[in-house]
Amino acid sequence: MYTPDPDRYADMPYRRTGRSGLKLPALSLGLWHNFGPDRPAETQRAILRRAFDLGVTHFDLANNYGPPPGAAESALGEALKADFTHHRDELIVSTKAGYLMWPGPYGEWGSRKYLLSSLDQSLGRLGLDYVDIFYSHRPDPETPLEETMGALHSAVQQGKALYVGISNYSAEQTRDAARILAELGTPLLIHQPRYSMLDRRPEDEGLLDTLDELQVGSIAYSPLEQGLLTGRYLDGIPADSRAASDSPFLSADTVTEELAGRLRALNEIAASRGQSLAQLALAWVLRGGRVTSALIGASSPRQLEDSVAAIGNLEFGADELARIDELVKQ
């Protein structure tokens, strides 16, 4: 029987999410790539147990995470039942709906029909009565935003979600979504954008400024840029890497020698701080407290431990930030 570490809350920083009463760990565990039938169940459970022991109280999913779609939620559901039955109130479990989940006209995007049906399916796979955060995973260009936000509001009213969020929405769409939700009486808790040292769009397109103004939290996904901001690509493309596979998320063409040179220079900065490149990248996203939490993935407990160690040094000097900007904005 799993017994959590009694000191699990000693080191992890917890940050208030916008103006809400909810705090999230600085690092949250995303179950995107590594939770499905192609991975040993015991490894998956070991990652979740180690995460909780390290103070990572937030497990982030979406209906289509796997592969196949739904597998990550089912895997977490089994782990919750086996290991976390008595710790549900210490956990934040989030899920999303928006991408293709089942065939036909009601299996994706942002209609009320799809979102609420998907949430019911997610709760069934998770074995839960409610999730803590339910997201609209992407904006729907054909469904009125009032309908999509109304469905999120209904999820809260029905007791199937405690909070709601959005992901991949622009600054303008975020502002509109927050207004509609406020009028309904369900505040927008959080936005989940893609954000890393190599992807500055939330800064450049005004999203972070909008979230600050609205007092809405943020949780960054892909802070390691699909593995580019780790030590894997400093000297080319390893045969067993994501870039060497047929992954739609990172192609070999992306890993140019010019990029590898910049990664090596970033790695030198990391080394001067006593960090790995991955730890530097996570610390950078969390710098200054503007981002509530950063999502990390893990294929093993050891990899998880390496990422969590980033919390040991989240401070940057002005010269370090300037040098990083010089390297990544070339």
Report yes if the side chains of [X] and [Y] come closer than 4.5 Å at any heavy-atom pair, otherwise no.
{"X": "His58", "Y": "Asp132", "value": "no"}
{"X": "Leu126", "Y": "Leu76", "value": "yes"}
{"X": "Lys96", "Y": "Asp60", "value": "yes"}
{"X": "Asp204", "Y": "Arg201", "value": "no"}
{"X": "Ile190", "Y": "Tyr163", "value": "no"}
{"X": "Leu27", "Y": "Leu54", "value": "no"}
{"X": "Asp325", "Y": "Arg200", "value": "yes"}
{"X": "Ser167", "Y": "Tyr221", "value": "yes"}

Nearest heavy atoms of [X] and [Y], plus distance in Å:
{"X": "Gln275", "Y": "Ala283", "result": "NE2-CB, 4.0 Å"}
{"X": "Ser293", "Y": "Leu24", "result": "CB-CB, 4.3 Å"}
{"X": "Gln44", "Y": "Ala75", "result": "OE1-CB, 3.1 Å"}
{"X": "Gly217", "Y": "Thr17", "result": "CA-CG2, 3.9 Å"}

In this structure, are over 12 heavy atoms from other groups packed under 6.0 Å from [X] atom [atom1]?
{"X": "Glu172", "atom1": "CD", "result": "no"}
{"X": "Tyr106", "atom1": "OH", "result": "no"}
{"X": "Arg19", "atom1": "CZ", "result": "no"}
{"X": "Glu315", "atom1": "CD", "result": "no"}
{"X": "Asp38", "atom1": "CG", "result": "yes"}

Using a strict cut-off of less than 4.0 Å between a Lys/Arg side-chain nitrogen and an Asp/Glu carboxylate oxygen, indicate whether [X] and [Y] qualify as a salt bridge.
{"X": "Arg50", "Y": "Asp5", "result": "no"}
{"X": "Glu203", "Y": "Arg287", "result": "yes"}
{"X": "Arg45", "Y": "Glu78", "result": "no"}
{"X": "Arg323", "Y": "Glu326", "result": "yes"}

What distance separates [X] [atom1] from [Y] [atom2], expressed to the nearest 0.5 Å?
{"X": "Thr95", "Y": "Gln121", "atom1": "OG1", "atom2": "CD", "result": "11.0 Å"}
{"X": "Ser307", "Y": "Ile296", "atom1": "OG", "atom2": "CD1", "result": "4.5 Å"}
{"X": "Tyr99", "Y": "Glu108", "atom1": "OH", "atom2": "CD", "result": "10.0 Å"}
{"X": "Gln279", "Y": "Asn313", "atom1": "CD", "atom2": "CG", "result": "9.5 Å"}
{"X": "Gln158", "Y": "His153", "atom1": "CD", "atom2": "NE2", "result": "10.0 Å"}
{"X": "His137", "Y": "Leu115", "atom1": "NE2", "atom2": "CG", "result": "12.0 Å"}

Exercise. Could you walk me through whether Leu48 and Phe35 pass the side chain to side chain contact (heavy atoms under 4.5 Å, CB included) check?
Worked result: CA-CA 10 Å; Leu48 293 166; Phe35 287 78; 3.9 Å; yes

Single-linkage hydrophobic cluster, 4.5 Å side-chain cutoff, [X] and [Y] together:
{"X": "Leu152", "Y": "Tyr135", "value": "no"}
{"X": "Val216", "Y": "Leu162", "value": "no"}
{"X": "Leu304", "Y": "Leu286", "value": "yes"}
{"X": "Val156", "Y": "Leu128", "value": "yes"}
{"X": "Ile92", "Y": "Val291", "value": "no"}

Exercise. After noting the C-alpha distance and the side-chain angles of Ser222 and Asp199, does the key distance pass the side chain to side chain contact (heavy atoms under 4.5 Å, CB included) rule?
Worked result: CA-CA 9 Å; Ser222 293; Asp199 188 344; over 6 Å; no

Between the side chains of [X] and [Y], does any donor sit under 3.5 Å from an acceptor?
{"X": "Tyr169", "Y": "Ser136", "answer": "yes"}
{"X": "Glu147", "Y": "Thr143", "answer": "no"}
{"X": "Ser170", "Y": "Gln173", "answer": "yes"}
{"X": "Asn34", "Y": "Arg39", "answer": "yes"}

For this session: Decide yes or no on salt bridge (charged side-chain N to carboxylate O under 4.0 Å, His left out) for Arg264 and Glu268, but give the supporting numbers first.
Result: CA-CA 6 Å; Arg264 287 191 289 270; Glu268 291 176 3; over 6 Å; no

For this session: Compute both the distance and the angle, then confirm whether Arg273 meets the cation-pi test with Phe316: under 6.0 Å from the six-membered ring centre, within 45 degrees of the axis.
Result: yes

For this session: Please test Val308 against Met12 for side chain to side chain contact (heavy atoms under 4.5 Å, CB included), starting from the C-alpha separation and ending with a verdict.
Result: CA-CA 8 Å; Val308 171; Met12 177 64 66; 4.0 Å; yes

Exercise. Considering the options Leu224, Leu282, Leu266, which one meets the side-chain contact (heavy atoms from CB on, under 4.5 Å) requirement together with Leu277?
Worked result: Leu266

Seminar exercise, completed: From the list Thr210, Leu211, Asn168, Leu208, side-chain contact (heavy atoms from CB on, under 4.5 Å) partner of His191 resolves to Leu211

Exercise. Is the distance between the ring centroids of Tyr2 and Phe84 less than 6.0 Å?
Worked result: yes

Problem set entry | Worked check of side chain to side chain contact (heavy atoms under 4.5 Å, CB included) between Leu280 and Ile324 | CA-CA 10 Å; Leu280 171 74; Ile324 290 170; 4.3 Å; yes

